[in-house]
There are 2 protein chains.
Amino acid sequence: MAATAFSDVASIDRREEVLAAAAECFMRRGYEATSMDDVAEALGATKGRVYHHFRSKPELFFEVYRRAMAILVNGAAAAEEGGGSAAERLERVSRIHVLSMMETQTFQRSLTLGADLYRFGNAGVHKAVLEELMDIRRSYEDVFRRLFAEGNADGSLGPLDPSLAMRTVLGALNWVAIWYSPQPGETRAHRERLAEDIATQVLGGYLAG
Amino acid sequence: MAATAFSDVASIDRREEVLAAAAECFMRRGYEATSMDDVAEALGATKGRVYHHFRSKPELFFEVYRRAMAILVNGAAAAEEGGGSAAERLERVSRIHVLSMMETQTFQRSLTLGADLYRFGNAGVHKAVLEELMDIRRSYEDVFRRLFAEGNADGSLGPLDPSLAMRTVLGALNWVAIWYSPQPGETRAHRERLAEDIATQVLGGYLAG
DNA sequence: ACGGGGACATACTCAAGAGTATGTTCGGGC
DNA sequence: GCCCGAACATACTCTTGAGTATGTCCCCGT
């Protein structure tokens, strides 16, 4: 049983490798431009391995997307636990968000690709799954919307339209995944510092003044 | 001669139609997923027409990109002419930027696609052209960088890192092209009002204060 | 009125890529 | 020691799509 469990873990790791390679490829070439052979080549393997773990290209992509969203949702939940004013919680959530953009960049990039895919997804990709993915996205965005509304109520944030504020703030934060490129010799402390700077600057205009 | 000139104008318009259709397709499906047949179908024509005006798919895309950048560059130049403090000019440039994101959304979306293409552009697409396009982009970003630096000097903007500020602000502004969807019955006045709101909110955190 | 070229349409070629069908290997349970 | 299934690799099929080659229409100058 222990051996079986160990084997399962190893198996999961192998699947994880495929997922990570796929995220890398999707980030570099986009969804359509990425071939299953590309993913396999990034693994030093062949298509057989990829198709062994994932039924199809859309399913592979959806898993990458789900993983990316899970990272964000878990991060936000952890950041909200500490309590404090809406502004304080918003600041923590934003910092973790930026940190995720930097440290799991390849996965996070797939979020934009997924949104594009949904916007006018042609046939082939299952509408239902995309709908589900967009729901996850929306509920995550609601975290920000709610925090802005709360800040409006508790006075820690200035008067504003929560939806518009959410969009501009998330825009600035998400953009990090686009321009950020990890520097050689960079430590986690560097990234945390950068994330703090960015969050502070971005939220500066929304604080109660 | 007048007839010839008139004919040229008509000819240019026909080319322009292809360009606009291509921008629409690139926005909806992305670069790779867009086929030349898609563009033709959007025109109610065939590939023959597309290839008559543009040598290849990359060249077609590059033209869309160049057009998008030209709109931004011209807008920024016009917005800067009025003079005033760095903060005032920055506010005007930002407003026009957002307005362009909304009103020429299909073209503006290609900018992100182009950047992605450059990041790890595989063979086929000419590296030299992409390099040129990125130079245009960089010089446009320099407008913002310079305005932040000026604002730092003239005291109209708070102390900040111009490069980081440029990235966060442009992130928030560019994101508009991603979520914005024109509403039926929407007028230009609505968009100008929205652009003003967005620019004001985004820049709020950077003003001297 | 006619010859030529611009502005397309039609009909191909050829390669790439998604998905499949069928080996092959190798470790663990009996 | 044998067998079986997980975890791949190999070798196909079949469609899609970029690019090309060629035909057609029509307007414009001479």
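Each chain gets a letter, A, B and so on, in the order the sequences are listed, and its residues count up from 1. The shown structure was predicted, so the numbers you read here are calculated from the model rather than taken from an experiment.
At D/dC8, one or more side-chain N or O atoms of A/H53 fall inside 4.0 Å of OP1 or OP2 (strictly under the cut-off). Look at A/H52 and you'll find a side-chain N or O under 4.0 angstrom from OP1 or OP2 of D/dA7. Remark: B/R14 is in phosphate contact with C/dC8, judged by side-chain N or O atoms under 4.0 Å from OP1 or OP2.
Spacing between atom CG of B/L60 and atom C1' of D/dG17 amounts to 15 Å, rounded to whole angstrom units. If you measure from atom CD of A/E17 to atom C1' of D/dC8, you get 13 Å, rounded to the nearest angstrom. Atom pair A/D13:CG and D/dA6:C1' shows a separation of 16 Å (rounding to whole Å applied). The nearest whole Å value for the distance from the CD atom in A/E41 to the P atom in D/dA9 is 13 Å. Between the CZ atom of A/R49 and the P atom of D/dC8 there is a distance of 5 Å, rounded to whole Å.
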Just the atom pairs and distances: protein N or O near nucleotides 24-27 of chain D's N or O, under 3.5 Å.
none

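Looking at residues two or more places apart in sequence or on another chain, you find a salt bridge (charged side-chain N to carboxylate O under 4.0 Å, His left out) between A/E103 and A/R188, A/R191. For A/T34, the side chain to side chain contact (heavy atoms under 4.5 Å, CB included) test picks out A/C25, A/F26, A/R29, A/D38, A/V39, with sequence neighbours left out. Partners of A/I96 according to the side chain to side chain contact (heavy atoms under 4.5 Å, CB included) rule, which considers only residues two or more places apart in sequence or in another chain, are A/A79, A/S100. Listed by chain and number, the residues in a side chain to side chain donor-acceptor pair (under 3.5 Å) with A/E24 are A/R28 (sequence neighbours excluded). Partners of A/A68 by side chain to side chain contact (heavy atoms under 4.5 Å, CB included), not counting sequence neighbours, listed by chain and number: A/F107, A/Q108, A/S110, A/L111. Scored by the side chain to side chain donor-acceptor pair (under 3.5 Å) test, A/S181 finds no partners at all (sequence neighbours excluded). Not counting sequence neighbours, the partners of B/E141 by the side chain to side chain contact (heavy atoms under 4.5 Å, CB included) test are B/R137, B/R138, B/R145, B/M166, B/L170.
For the residue pair A/Y31 and B/E32, no side-chain donor N or O sits within less than 3.5 Å of a side-chain acceptor on the partner.
The overall bend of the helix from C/dA1-D/dT30 to C/dC30-D/dG1, read as the angle between its terminal helix axes built from five base pairs each, is 0° when rounded to 10 degrees.
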Does the side chain to side chain contact (heavy atoms under 4.5 Å, CB included) test come out yes or no for A/F62 and A/E132, once each step is laid out? CA-CA 10 Å; A/F62 294 153; A/E132 171 215 334; over 6 Å; no
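For residues 166-177 of chain B, the pairs satisfying side chain to side chain donor-acceptor pair (under 3.5 Å) are B/H97-B/N174, B/T168-B/Y206, with sequence neighbours left out. Sorted by first and then second residue, the side chain to side chain donor-acceptor pair (under 3.5 Å) pairs involving residues 73-82 of chain B (not counting sequence neighbours) are B/E80-B/R146.
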Going 5' to 3' along nucleotides 17-23 of chain C, which nucleotides have protein heavy atoms under 4.0 Å from the base (write B), which only from the sugar-phosphate (write S), and which from neither (write -)? SBBB---
